[in-house]
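Step one of this worksheet: look at the structure below.
Just so it is clear, the structure is predicted and the values come from calculations on it, not from any experiment. We count residues from 1, following the sequence as given. Just so it is clear, the values below take in all heavy atoms, side chains as well, and ignore hydrogens, waters and symmetry mates.
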Amino acid sequence: MPSPGTVDYRLLRQSRLGDYRSGRLAQHEVCDAHPELRRAAEHHGRAIGEPCPICEDADLVHVTYVFGPRLPPFGRCVTSAEEMAKLSRRSGRFTAYVVEVCPECSWNHLSQVFEL
């Protein structure tokens, strides 16, 4: 269950998948993950135990990026709960973006946004 202040994008996900399944969107329009996002998914993604809704061949992973003071402008890919806890103890406002990614077919969707 998302915590208070979490923006969850499940309804948008369902809408996008509906558009794909009805033919309004082609596979290349929904499977367009940036190569760097795919690399992060392969090496740092956290498996969520759910099959990809597009290819159904691979399991989805979550990749989390955090943005905030004294972090690179492109954010930081958080790879562990310990790293997330360390960032949440720092002063300043940090925002986490959780992206659902299929490392096989490049499906990707912003799942959640929350503040640390």
Side-chain angles (χ1 to χ4, degrees):
M1 179 93 186
S3 63
T6 298
V7 178
D8 190 297
Y9 292 91
R10 279 182 285 193
L11 292 175
L12 184 59
R13 179 186 191 268
Q14 288 308 110
S15 174
R16 190 159 172 88
L17 288 172
D19 287 346
Y20 168 71
R21 290 179 180 134
S22 70
R24 288 187 295 270
L25 290 174
Q27 185 170 351
H28 75 274
E29 294 175 295
V30 295
C31 296
D32 60 353
H34 188 277
E36 196 61 38
L37 178 58
R38 285 189 70 187
R39 194 172 351 231
E42 290 171 15
H43 298 290
H44 306 295
R46 181 176 43 86
I48 62 171
E50 185 179 318
C52 174
I54 304 298
C55 71
E56 300 177 353
D57 290 335
D59 286 335
L60 295 173
V61 298
H62 277 169
V63 178
T64 302
Y65 288 97
V66 176
F67 295 84
R70 297 178 311 280
L71 292 178
F74 48 84
R76 178 189 223 161
C77 182
V78 178
T79 60
S80 68
E82 294 81 23
E83 187 177 7
M84 184 70 85
K86 184 178 175 183
L87 283 171
S88 67
R89 289 190 297 269
R90 290 171 66 174
S91 64
R93 185 175 174 180
F94 293 89
T95 305
Y97 294 80
V98 181
V99 182
E100 169 183 295
V101 183
C102 175
E104 295 296 319
C105 74
S106 295
W107 157 261
N108 65 107
H109 180 74
L110 178 63
S111 289
Q112 295 180 346
V113 176
F114 59 93
E115 286 192 29
L116 301 183

Exam field: side chain His109 to backbone Ser111, donor-acceptor pair closer than 3.5 Å: no
Atom CZ of Arg24: over 12 foreign heavy atoms under 6.0 Å: yes
Contact check, side chains of Arg13 and Pro53, non-hydrogen atoms, under 4.5 Å: yes
Heavy-atom closest pair, residues Glu104 and Ala58: CG-CB, 3.1 Å
Donor on one side chain, acceptor on other, Gln27 and Trp107, under 3.5 Å: no
Check: Glu29 side chain, Leu25 main-chain N or O, donor-acceptor pair, under 3.5 Å: no
Nearest-0.5 Å distance, CD of residue Glu115 to OG1 of residue Thr95: 5.0 Å
Over all atoms of both residues, closest heavy-atom pair of Met84 and Val78: N-CG1, 3.7 Å
Shortest non-hydrogen separation from Asn108 to Ala33 and the atoms involved: ND2-N, 3.1 Å
Lys/Arg N to Asp/Glu carboxylate O, Glu100 vs Arg46, below 4.0 Å: no
For Glu42, all residues meeting side chain to side chain donor-acceptor pair (under 3.5 Å), sequence neighbours excluded: none
Whether Tyr65 and Phe67 hold their rings parallel, tilted or perpendicular, with breakpoints at 30° and 60°: tilted
Same apolar cluster: Leu116 and Leu71, side chain cutoff 4.5 Å: yes
For the student: nearest non-hydrogen atoms of Cys105 and Cys31, plus distance: O-CB, 2.9 Å
Whether Ser22 side chain and Gly18 backbone form a donor-acceptor pair below 3.5 Å: yes
Arg39 and Glu36: CA distance, side-chain angles, deciding distance, salt bridge (charged side-chain N to carboxylate O under 4.0 Å, His left out) verdict: CA-CA 5 Å; Arg39 194 172 351 231; Glu36 196 61 38; 3.4 Å; yes
Closest non-hydrogen atom pair, Leu110 against Val98: CD1-O, 3.5 Å
Result of checking Ile54, Ile48, Val101 against Leu60 for side-chain contact (heavy atoms from CB on, under 4.5 Å): Ile48
Exercise: do Arg38 and Ser106 side chains pair donor with acceptor under 3.5 Å: yes
Joint cluster assignment, Tyr9 & Leu37, ILVMFWY side-chain distance < 4.5 Å: yes
Rounded distance (nearest 0.5 Å) linking atom CZ of Arg90 with atom CZ of Arg70: 5.0 Å
Shortest non-hydrogen separation from Pro103 to Asp59 and the atoms involved: CD-O, 3.7 Å
Val7-Val99 co-clustered via ILVMFWY side chain contacts under 4.5 Å: yes
Tyr97 and Val66: CA distance, side-chain angles, deciding distance, side chain to side chain contact (heavy atoms under 4.5 Å, CB included) verdict: CA-CA 6 Å; Tyr97 294 80; Val66 176; over 6 Å; no
